[in-house]
Amino acid sequence: MGGARVFLFSNSNRPHGGAGYEQGLAALQESGEIRGFESVSGRELIRDFGGQAPDVLVSMIRESAAEIVVVFSPFYFTCSDDQWQEILSVLTGRTVVYWEGDPWGRGKPISTAMSRWLARADMVFAVAGPPNSELLRKHGAQHVSLIPHTYSQVHFAEAEAAWAPITASAIDCVMIASNSTRTKIPIPGLTGLPGGLPRFRLGWRLTHDRARDSQVFGFGWPRKWQVQPCEFDQQTRVIRDARVSANWDNYPQHAAYTSDRLAISMLAGRPHVSTRHPSMELFPGEALGVFFEKSVGSILDRVDEVLSRGDDEINRLGESAWSWVRHRLSDRELMRHMLSAVLDDVAPMRMDPWQSLSTAGTD
């Protein structure tokens, strides 16, 4: 399938949200590994065409010469049964590659739109292993491969270009996360997503505990906590204003999962402390400033332990993290890795974690 053309059906609602992926495709086109590509955001189609968005997508794919259709989680892209049959019709003879960038399960059921695309996909790449991957298979996915979250080299170009040491005004710890408990008084197992309550507790400790100078950024937190919002492309700048970053993931029992906060925090060049999921061998470890812990208390203890090492050591760890992640876990490498699985003309990544994922098969 040499010199193939690619149709990218992305899902971002941010300005230029798919730019990192498009830049990755442009690099493959420049190298001659693909013949060309087209890109459209499903959210933009819905914004512009409402219920007719699936019909517009059908027309675009029908007019496209693309042999490969890459779909980024279409959980929001609802359509009628007739519209879906039309989509299936124009996908005939084309290879469908599906990327799923969210964990799913209790509190966040897989949508009908997802089920349809999962069942049609020739290959599914997911950022979390079991039980997430098992759930995707129950909804029709035939081939599920593990893939790490990446950072956008377009949105974080400044951070990718140069590392920056700790400044004199840096605070001790920063956390960027949204509160998913959805209630003023979280109830375990009843409100929010799995992992939401520990994240709430971590946010409370970081905003109320005077043992360290900390700040939380994100959405959905109680107003009296005075948590500030943080735009997506400002994350590395916010993290660089601190010595250490911390986080607690939703779905902590999903194997080999981490949000894009890991790649972004490493790119910011600061040690990062987060959730220890099962099977985390895919990701860097303590020598590169990445620490995985099993509880909120352990996360805070690790933050304090890293802070106690002093700024010189924190800088060394942060620069090591930055050196490892840049040009390794960006959207460029993501696109190359996925397309190399279905196109012989696209050379695979020759570095880990991509190389080990290529030889491991499905999770």
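It should be emphasised that the depicted structure is a prediction, and the values quoted were computed from it without experimental measurement.
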- Item | Residues in ring-ring contact (aromatic ring centres under 6.0 Å, His included) contact with His337, at least two apart in sequence or another chain |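 His337: ring-ring contact (aromatic ring centres under 6.0 Å, His included) contacts with Phe125, Trp354.
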
Out of curiosity, [X] [atom1] to [Y] [atom2], how far, rounded to the nearest 0.5 Å?
{"X": "Phe219", "Y": "Asn179", "atom1": "CZ", "atom2": "CG", "result": "12.5 Å"}
{"X": "Asp233", "Y": "Ile264", "atom1": "CG", "atom2": "CD1", "result": "10.0 Å"}
{"X": "Leu202", "Y": "Glu293", "atom1": "CG", "atom2": "CD", "result": "11.5 Å"}

Given side chains that start at C-beta, do those of [X] and [Y] come closer than 4.5 Å, heavy atoms only?
{"X": "Asp102", "Y": "Lys108", "answer": "yes"}
{"X": "His327", "Y": "Glu160", "answer": "yes"}
{"X": "Phe7", "Y": "Phe9", "answer": "yes"}

Are [X] and [Y] ion-paired here, with the side-chain N under 4.0 Å from a carboxylate O?
{"X": "Asp311", "Y": "Arg309", "answer": "no"}
{"X": "Glu313", "Y": "Arg316", "answer": "yes"}
{"X": "Glu231", "Y": "Arg237", "answer": "no"}
{"X": "Arg116", "Y": "Asp81", "answer": "yes"}
{"X": "Glu305", "Y": "Arg302", "answer": "yes"}

- State which residues pass side-chain hydrogen bond (donor to acceptor under 3.5 Å, both in side chains) with Asp172; sequence neighbours excluded, sorted by chain then number.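 Testing Asp172 for side-chain hydrogen bond (donor to acceptor under 3.5 Å, both in side chains), a comparison that skips the adjacent residues, returns none.
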
- Note on the structure: Residues passing the salt bridge (charged side-chain N to carboxylate O under 4.0 Å, His left out) test with Glu22, sequence neighbours excluded, are none

Distance alone, cut at 3.5 Å: any donor-acceptor contact between the side chains of [X] and [Y]?
{"X": "Arg137", "Y": "Gln142", "answer": "no"}
{"X": "Asp122", "Y": "Thr95", "answer": "no"}
{"X": "His272", "Y": "Asn247", "answer": "no"}
{"X": "Ser298", "Y": "Ser295", "answer": "yes"}

- Please say which of Arg35, Arg5, Arg94 ends up in a salt bridge (charged side-chain N to carboxylate O under 4.0 Å, His left out) with Glu67.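 Among the candidates, only Arg35 passes.
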
- Does Glu158 CD have over 12 foreign heavy atoms under 6.0 Å away? no

